[in-house]
Q: 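The structure's right below; bear with me while I get my questions together.
In what follows, every heavy atom counts, from backbone to side chain, and hydrogens, waters and symmetry copies are set aside.
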Amino acid sequence: MHAEMSKAETALLVGGPAAGARVRVTGRPGVLQVTRPCAVEEPADGVRVEALYIYRRDLGVAEEPLRYGYDAVSP
(Lines give C-alpha, C1' and ligand atoms only; values in the text may rest on other atoms or scores of the structure.)
Protein backbone atom coordinates (compact mmCIF):
# COMPACT_ATOMS: atom_id res chain seq x y z
CA MET A 1 0.00 0.00 0.00
CA HIS A 2 1.30 3.48 -0.86
CA ALA A 3 2.21 5.68 2.08
CA GLU A 4 -0.16 8.45 0.89
CA MET A 5 -3.08 6.02 0.78
CA SER A 6 -2.76 5.16 4.49
CA LYS A 7 -2.10 8.71 5.73
CA ALA A 8 -5.00 10.55 7.36
CA GLU A 9 -5.85 13.79 5.56
CA THR A 10 -8.16 16.71 6.27
CA ALA A 11 -11.29 16.97 4.14
CA LEU A 12 -13.80 19.80 3.93
CA LEU A 13 -17.51 19.10 3.40
CA VAL A 14 -19.13 21.59 1.00
CA GLY A 15 -22.88 22.26 0.87
CA GLY A 16 -25.71 20.33 2.46
CA PRO A 17 -26.37 19.87 6.17
CA ALA A 18 -22.70 19.38 7.10
CA ALA A 19 -21.34 22.37 5.14
CA GLY A 20 -18.06 23.59 6.54
CA ALA A 21 -17.35 20.48 8.60
CA ARG A 22 -13.75 19.28 8.51
CA VAL A 23 -13.08 15.57 8.91
CA ARG A 24 -10.06 13.26 8.80
CA VAL A 25 -10.12 10.60 6.07
CA THR A 26 -7.74 7.77 5.21
CA GLY A 27 -7.27 6.42 1.72
CA ARG A 28 -9.18 9.23 -0.04
CA PRO A 29 -12.59 7.51 -0.16
CA GLY A 30 -14.76 8.55 -3.11
CA VAL A 31 -17.89 8.98 -1.00
CA LEU A 32 -18.61 10.02 2.58
CA GLN A 33 -21.88 9.33 4.35
CA VAL A 34 -23.25 11.76 6.93
CA THR A 35 -26.20 10.81 9.11
CA ARG A 36 -28.44 12.75 11.44
CA PRO A 37 -30.70 10.98 13.95
CA CYS A 38 -34.44 11.40 13.53
CA ALA A 39 -36.89 11.33 16.43
CA VAL A 40 -39.07 8.22 16.50
CA GLU A 41 -42.50 8.94 17.93
CA GLU A 42 -43.19 5.38 19.01
CA PRO A 43 -40.06 3.40 19.89
CA ALA A 44 -40.09 0.07 18.08
CA ASP A 45 -37.80 -2.40 19.85
CA GLY A 46 -34.60 -0.36 19.51
CA VAL A 47 -35.10 0.68 15.89
CA ARG A 48 -33.26 3.87 14.98
CA VAL A 49 -34.09 6.17 12.08
CA GLU A 50 -31.42 8.40 10.57
CA ALA A 51 -31.45 10.88 7.70
CA LEU A 52 -28.70 10.00 5.19
CA TYR A 53 -26.62 12.54 3.28
CA ILE A 54 -23.97 11.70 0.67
CA TYR A 55 -20.82 13.72 -0.09
CA ARG A 56 -18.65 12.90 -3.12
CA ARG A 57 -14.95 13.70 -3.42
CA ASP A 58 -13.95 16.47 -5.81
CA LEU A 59 -11.34 14.68 -7.94
CA GLY A 60 -9.90 18.01 -9.08
CA VAL A 61 -8.54 18.73 -5.59
CA ALA A 62 -5.29 16.84 -4.97
CA GLU A 63 -4.03 18.56 -1.80
CA GLU A 64 -5.40 19.13 1.67
CA PRO A 65 -7.97 20.00 2.49
CA LEU A 66 -9.62 17.51 0.17
CA ARG A 67 -13.13 18.61 -0.81
CA TYR A 68 -16.33 16.59 -0.68
CA GLY A 69 -19.43 18.14 -2.23
CA TYR A 70 -22.98 17.42 -1.14
CA ASP A 71 -24.91 15.20 -3.56
CA ALA A 72 -28.55 16.27 -3.23
CA VAL A 73 -29.86 13.42 -5.40
CA SER A 74 -28.29 10.54 -3.46
CA PRO A 75 -28.94 7.87 -2.45
Q: Which heavy atom in Thr26 sits nearest to a heavy atom in Pro29, and how many Å separate them?
A: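 The pair with the smallest heavy-atom distance is O-CD, 3.6 Å.
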
Q: Atom CZ of Arg67 and atom CZ of Arg57: how far apart are they, to the nearest 0.5 Å?
A: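 Answer rounded to 0.5 Å: 13.0 Å.
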
Q: When Ile, Leu, Val, Met, Phe, Trp and Tyr are grouped by side-chain heavy atoms lying under 4.5 Å apart, directly or through other members, which residues fall in the same group as Val14?
A: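 Joined to Val14, directly or through intermediates: Leu12.
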
Q: Got a second to check how far Asp58's CG is from Leu66's CG, nearest 0.5 Å?
A: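 If I round to the nearest 0.5 Å, the distance is 9.5 Å.
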
Q: About how many Å separate OH of Tyr70 and CD1 of Ile54, when rounded to the nearest 0.5 Å?
A: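 Rounded to the nearest 0.5 Å, the CD1-OH separation comes to 9.5 Å.
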
Q: Taking the side chain as every heavy atom from C-beta outward, state whether Pro17 and Arg36 have any pair of such atoms under 4.5 Å apart.
A: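 Yes; the side chains approach each other to less than 4.5 Å.
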
Q: Indicate if Leu52 and Val31 have the same hydrophobic cluster label, given that clusters are the connected sets of ILVMFWY residues with side-chain heavy-atom separations under 4.5 angstrom.
A: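 Yes: a chain of side-chain contacts under 4.5 Å links Leu52 to Val31.
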
Q: Is any side-chain heavy atom of Val40 less than 4.5 Å from a side-chain heavy atom of Arg48?
A: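 Side chain of Val40 against side chain of Arg48, heavy atoms only: no contact under 4.5 Å found.
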
Q: Could you tell me whether the side chain of Cys38 reaches within less than 4.5 Å of the side chain of Glu50, counting heavy atoms only?
A: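 Not in contact.
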
Q: Between Arg22 (side chain) and Pro65 (backbone), is there a donor-acceptor pair under 3.5 Å?
A: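 Checking the backbone N and O of Pro65 against the side chain of Arg22, no donor-acceptor pair under 3.5 Å is found.
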
Q: For the CG atom of Leu13 and the OH atom of Tyr68, what is their distance to the nearest 0.5 Å?
A: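 The CG atom of Leu13 sits 9.0 Å away from the OH atom of Tyr68.
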
Q: What distance separates Arg24 CZ from Glu64 CD, expressed to the nearest 0.5 Å?
A: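 CD of Glu64 is found 5.5 Å from CZ of Arg24.
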
Q: Show your working on side chain to side chain contact (heavy atoms under 4.5 Å, CB included) between Val34 and Tyr55 and close with a plain yes or no.
A: CA-CA 8 Å; Val34 172; Tyr55 287 78; 3.7 Å; yes

